[in-house]
Amino acid sequence: MKVAETIWVNDGYIWPDKRCRMWLSVRSGSIFERSNIPLSTWLHLMFPWATQISGSKISWLTSLSKPTVIRALRSICSNKILNAEIKLGGVGKTVEIDKSKFGAKRKYKRGRVSEGPWVFGVVERESQRVPVFRVPDRTGETLVHRLITTHILPGTITDLL
């Protein structure tokens, strides 16, 4: 693979992709693809964060604003969570599954019905792990296909609340 220098991309390096006959940035396909922050700054941002230095100190060290630092670190965390393979349960283990709708709160049964998202929560009793999943609807198909078959291991005892 041949890496070439250029002024057309943020970090100054591109490489050829022979499948589509195009030159791609070294960021292509990563969490840094849409970021305007240079990769060197990302590294200076992530190391102090991994060593539990506060966002204020990181923003001072990197000369980035605090909201930029928080947004960058949040994107790393959310990407890790969204791409994680969460598997709960197993033979002899019990999980509880429940659903809830979030949105505008009605008081005294007055006002509009909530238009917020449906959220399914799963609690593994033995380990007390509690992942929460946002889903478009609460149909059985969504529950079985998107939640149970993807995130619950075979042989698990399920308790639908």
So Lys99 and Val135, do their side chains get closer than 4.5 Å, heavy atoms only?
no

Do Val95 and Leu153 share a hydrophobic cluster (ILVMFWY, side-chain heavy atoms under 4.5 Å, transitive)?
no

What distance separates Phe120 CZ from Ser100 OG, expressed to the nearest 0.5 Å?
10.0 Å

Would you name the heavy atoms of Ile37 and Ala72 that are closest together and state the gap between them?
CD1-CB, 4.2 Å

Transitive ILVMFWY side-chain link Ile70 to Leu64, under 4.5 Å:
no

With a cut-off of 6.0 Å (strictly less than), are more than 12 heavy atoms of other residues, nucleotides or ligands near CD of Gln128?
yes

Flag the pair Trp49 / Val69 as yes when at least one side-chain heavy-atom distance between them is below 4.5 Å, and no otherwise.
no

Got Ile97 and Ile148 here, is their nearest side-chain heavy-atom distance under 4.5 Å?
yes

Same cluster for Val91 and Ile157 if Ile/Leu/Val/Met/Phe/Trp/Tyr side chains link at under 4.5 Å?
no

Suppose we screen for side chain to side chain donor-acceptor pair (under 3.5 Å). Which residues come up paired with Arg71, at least two apart in sequence or across chains?
none

Show the nearest heavy-atom pair for residues Pro117 and Arg134, with the distance to one decimal.
CB-NE, 3.2 Å

Do Leu88 and His151 have side chains that approach each other closer than 4.5 Å (heavy atoms only, starting at C-beta)?
no

Hey, what do you get for OG1 (Thr41) to CE (Met46), rounding to the nearest 0.5 Å?
10.5 Å

Please check: side-chain N/O of Thr156 versus main-chain N/O of Thr94, any donor-acceptor pairing under 3.5 Å?
no

Residues 52-60, side-chain donor-acceptor partners within the protein, below 3.5 Å, at least two apart:
from, atom 1, to, atom 2, distance (Å)
Ser54, OG, Lys57, N, 3.4
Ser56, OG, Lys66, NZ, 3.2
Ser59, OG, Ser56, O, 2.9

Does Trp42 share a hydrophobic cluster with Phe47, counting links as ILVMFWY side-chain heavy atoms below 4.5 Å and allowing steps through other members?
no

Roughly how far apart are Ile152 CD1 and Lys87 NZ, rounded to 0.5 Å?
9.0 Å

